[in-house]
K.L.:
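Handing you a structure now.
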Amino acid sequence: MTANPVRIEADYLIETPVDPRLAAETMAGEQSSGTFVAVPGETPELKARAAARVESLELLDAASAPSLPVARPINPDGPWHRARVTLSWPLDNIGASLPNLVTAIAGNLWELRQLTGLRLLDLRLPLAFASAYPGPKFGVAGTRELTGVNGRPLIGTIIKPSIGLSPAETAALVAELCEAGIDFIKDDELQSDGAYCPFDQRVRAVMRVVNDHANRAGKKVMIAFNVTGEIDQMRRRHDLVLGEGGTCVMASINSVGLAGMVELGRHTQLPVHAHRNGWGALNRHPALGWDYTAWHKLWRLAGADHMHVNGIGNKFSETDDSVVTSAKAALTPMFAHKPCIAMPVFSSGQTPAQALPTWRALGSTDLIFAAGGGILAHPDGPAAGVSDLRAAWDAAIAGDAAIAGKP
Ligand SMILES: O=C(O)[C@H](O)COP(=O)(O)O
Ligand SMILES: [Mg+2]
């Protein structure tokens, strides 16, 4: 059997009380043909075919204490070396399969007692993944075409209160926002198909006002309806949105999982807005979990057209640098022939004050800038919230910092 030379690569930050080279070899072994002890069948031929490999290891500063607990610590007094490690796997171990990719690059290795810290930083996938998965069907260009917005970000909001409004109340708010000139509105991720705001009734009520407005004003506002659910429900909800003339669906990607998102990505005839709620559990501790740069590639391949990246000066715990790195990653091509660009969505405590710093940090207008409280809590009402945000972005792009800083 001749080994296929095509390999998957993943970069990690590791922290370990053992020799980092040994720790990296343990990761590679555990995640491919090895286990805690040599087994007879792991022949040199089998290893040549199936073993993961340590491609590179760069020593970094040591930690002063272990970042993560270990029940039976090895070398309890340290030192805890840190290193950047690249591992590779033969593509043929798993084929071009996103769910199995996650098991290979991000499976049991989180639990290894040889590691007191492990973070997956980035990954590089063979072209077979580009062929096997849909990727975004609309991306930036398709979203701009559907909304008619060019040369500036899409100005958006989130229905607030997030939950509690009836379909008629939701539609009334949408009508007001359409009149105010908004480009994009999304359901909050907490709003799905509850008893007092059923999905079907909400879509019909909202699309009635969106279509009316489009007929009168010639501008169809993009509404990201939250279709999150089981796979059949998502397909059915998507079809309803499409049938009512809607132009976007939203899914909570951690809730529907990779298989759910892949199926939605294959089925969809509309842009898919990917809400990343739950992300904090995968990212918040610096010595554990994923960097967005690695993680978001899974969802882009699965079909995410819009990817949430938090926002500058957000209401959560993420640094501005991390937010901007994520947004730039979403706009960086994954494959030369299939870039899979996803439009970054800045959302979380956003107001007109963040327009200028966002523009300066990103240097691109290819984003959705979604302000829930930042528009709907405006003292002069939602229409004033929309026009202030639009003015802040226009001024930022035109270089007028004074107006862009207006609260
Ligand atoms: O789903 C979202 O993106 C958030 O609910 C944002 O809401 P905010 O703009 O009020 O923080
Ligand atoms: Mg929300």
Side-chain angles (χ1 to χ4, degrees), residues 8-10 89 91 94-107 120 122-143 186 189 192 224-239 241-242 247-279 281-283 289-309 326-327 329-345 368:
I8 294 159
E9 282 194 359
W89 289 257
L91 172 65
I94 56 170
S97 161
L98 283 177
N100 291 299
L101 171 75
V102 173
T103 304
I105 67 169
L120 177 40
D122 202 357
L123 61 100
R124 287 169 293 286
L125 298 174
L127 292 178
F129 278 86
S131 312
Y133 287 98
K137 290 179 176 163
F138 293 83
V140 175
T143 299
K186 64 185 252 323
E189 75 281 5
S192 53
F225 289 105
N226 182 18
V227 299
T228 300
E230 291 153 23
I231 289 173
D232 284 348
Q233 290 173 322
M234 290 198 288
R235 280 194 287 244
R236 197 196 63 75
R237 290 174 184 160
H238 163 279
D239 294 352
V241 173
L242 184 69
T247 53
C248 190
V249 292
M250 171 176 124
S252 289
I253 54 182
N254 287 308
S255 308
V256 306
L258 262 181
M261 188 62 180
V262 167
E263 182 49 34
L264 183 60
R266 291 206 169 110
H267 180 79
T268 194
Q269 295 179 48
L270 301 170
V272 179
H273 186 93
H275 199 297
R276 73 176 200 181
N277 61 82
W279 164 241
L282 302 173
N283 166 269
W290 297 66
D291 267 8
Y292 191 86
T293 302
W295 179 81
H296 90 299
K297 288 180 178 173
L298 306 173
W299 306 101
R300 281 167 65 181
L301 260 183
D305 293 281
H306 308 157
M307 284 288 310
H308 274 241
V309 297
S326 300
L331 292 168
T332 303
M334 278 183 70
F335 304 97
H337 73 295
K338 188 169 176 174
C340 294
I341 300 293
M343 201 162 189
V345 182
I368 299 175

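For the single chain, residues carry numbers from 1 onward in sequence order. If you're wondering where the values come from, they're calculated on a predicted model, not measured in any experiment.
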K.L.:
Is the shortest side-chain N to carboxylate O distance from Asp232 to Arg235 below 4.0 Å?
P.N.:
yes
K.L.:
Taking side chain as C-beta onward, heavy atoms only, is Pro333 less than 4.5 Å from Ile341?
P.N.:
yes
K.L.:
What are the two closest non-hydrogen atoms of Asp305 and Gly139, and how far apart are they?
P.N.:
OD1-N, 2.8 Å
K.L.:
Taking atom types as modelled, find out whether Asn277 and His308 have a side-chain donor-acceptor pair closer than 3.5 angstrom.
P.N.:
no
K.L.:
Is any side-chain heavy atom of Trp290 closer than 4.5 Å to one of Leu120?
P.N.:
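SC-SC contact between Leu120 and Trp290 confirmed.
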K.L.:
To the nearest 0.5 Å, what is the distance between CD1 (Ile368) and CE (Met343)?
P.N.:
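Answer rounded to 0.5 Å: 5.0 Å.
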K.L.:
Test side chain to side chain contact (heavy atoms under 4.5 Å, CB included) on Val256 and Glu263 and set out the steps.
P.N.:
CA-CA 10 Å; Val256 306; Glu263 182 49 34; over 6 Å; no
K.L.:
Please walk me through it: do Val140 and Leu331 pass side chain to side chain contact (heavy atoms under 4.5 Å, CB included)?
P.N.:
CA-CA 9 Å; Val140 175; Leu331 292 168; 4.3 Å; yes
K.L.:
Any non-hydrogen side-chain atom of Leu125 less than 4.5 Å from a side-chain atom of Tyr133?
P.N.:
no
K.L.:
Testing the basics here: between Trp279 and Asp291, what is the closest heavy-atom pair and its distance to 0.1 Å?
P.N.:
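Scanning both residues, the minimum pair turns out to be CH2-C, 3.9 Å.
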K.L.:
Measure across Ala274 and Met261 and return the closest heavy-atom pair with its distance rounded to 0.1 Å.
P.N.:
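In terms of heavy atoms, the two residues are closest at CB-CE, 4.3 Å.
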K.L.:
Taking all non-hydrogen atoms of both residues, which atom of Cys248 and which atom of Ala224 are closest, and how far apart?
P.N.:
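Nearest heavy atoms, Cys248 then Ala224: SG-CB, 3.7 Å.
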K.L.:
For a side chain to side chain contact (heavy atoms under 4.5 Å, CB included) check, start with the C-alpha distance between Lys137 and Gln269, then their side-chain angles and the critical distance, and finish with the verdict.
P.N.:
CA-CA 8 Å; Lys137 290 179 176 163; Gln269 295 179 48; over 6 Å; no
K.L.:
Just to verify, what does His306 make a ring pair (Phe, Tyr, Trp, His ring centres under 6.0 Å) with, not counting sequence neighbours?
P.N.:
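Listed in chain order: His273.
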K.L.:
Can you tell if the side chain of Cys340 reaches within under 4.5 Å of the side chain of Leu301, non-hydrogen atoms only?
P.N.:
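Sidechains of Leu301 and Cys340: in contact.
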K.L.:
Check whether any side-chain heavy atom of Val345 sits under 4.5 Å from a side-chain heavy atom of Arg276, and report yes or no.
P.N.:
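When only atoms from C-beta onward are counted, Arg276 and Val345 do not touch, as no gap falls below 4.5 Å.
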K.L.:
So, taking the atom named CD1 in Ile105 and the one named CG in Asn100, what distance separates them when rounded to the nearest 0.5 Å?
P.N.:
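Interatomic distance, Ile105 CD1 to Asn100 CG, rounded to 0.5 Å: 11.5 Å.
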K.L.:
Provide the closest heavy-atom pair for Ile8 versus Pro126 in the form atom of the first, atom of the second, distance.
P.N.:
CG1-CD, 3.7 Å
K.L.:
Going from NZ on Lys297 to OG1 on Thr332, what distance comes out if it is rounded to the nearest 0.5 angstrom?
P.N.:
8.5 Å
K.L.:
Among all residues two or more places apart in sequence or in another chain, which pass the ring pair (Phe, Tyr, Trp, His ring centres under 6.0 Å) test with Phe225?
P.N.:
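With sequence neighbours excluded, Phe225 shows a ring pair (Phe, Tyr, Trp, His ring centres under 6.0 Å) to no residue whatsoever.
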K.L.:
Is there a donor-acceptor contact under 3.5 Å from the side chain of Arg300 to the main chain of Pro339?
P.N.:
yes
K.L.:
Please state whether the rings of Tyr292 and Trp295 are parallel, tilted or perpendicular, taking 30° and 60° as the class boundaries.
P.N.:
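Tilted, since the angle between the ring planes falls between 30° and 60°.
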K.L.:
Evaluate the side-chain proximity of His275 to Asn254: yes if any heavy-atom separation is below 4.5 Å, no if none is.
P.N.:
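A side-chain contact under 4.5 Å is absent here.
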K.L.:
Does a donor on one side chain sit under 3.5 Å from an acceptor on the other, for Asn226 and Thr228?
P.N.:
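Looking only at side-chain atoms, Thr228 and Asn226 do form a donor-acceptor pair, the distance falling under 3.5 Å.
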K.L.:
Would you say Leu298 and Leu101 make side-chain contact, with heavy atoms under 4.5 Å?
P.N.:
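A side-chain contact exists here, since the closest heavy-atom pair is under 4.5 Å.
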K.L.:
Just to verify, what does Trp89 make a ring pair (Phe, Tyr, Trp, His ring centres under 6.0 Å) with, not counting sequence neighbours?
P.N.:
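Testing Trp89 for ring pair (Phe, Tyr, Trp, His ring centres under 6.0 Å), a comparison that skips the adjacent residues, returns none.
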K.L.:
Is a side-chain donor or acceptor of His267 paired with a backbone partner of Leu264 at a separation under 3.5 angstrom?
P.N.:
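Not at all, since once roles are kept as given, no pair shorter than 3.5 Å links the two residues.
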K.L.:
Applying side chain to side chain contact (heavy atoms under 4.5 Å, CB included) to Met234 and Val249, what does each step give before you reach the verdict?
P.N.:
CA-CA 9 Å; Met234 290 198 288; Val249 292; over 6 Å; no
K.L.:
For Val241 and Leu270, work out which heavy atoms get closest and say how close.
P.N.:
CG1-CD1, 3.8 Å
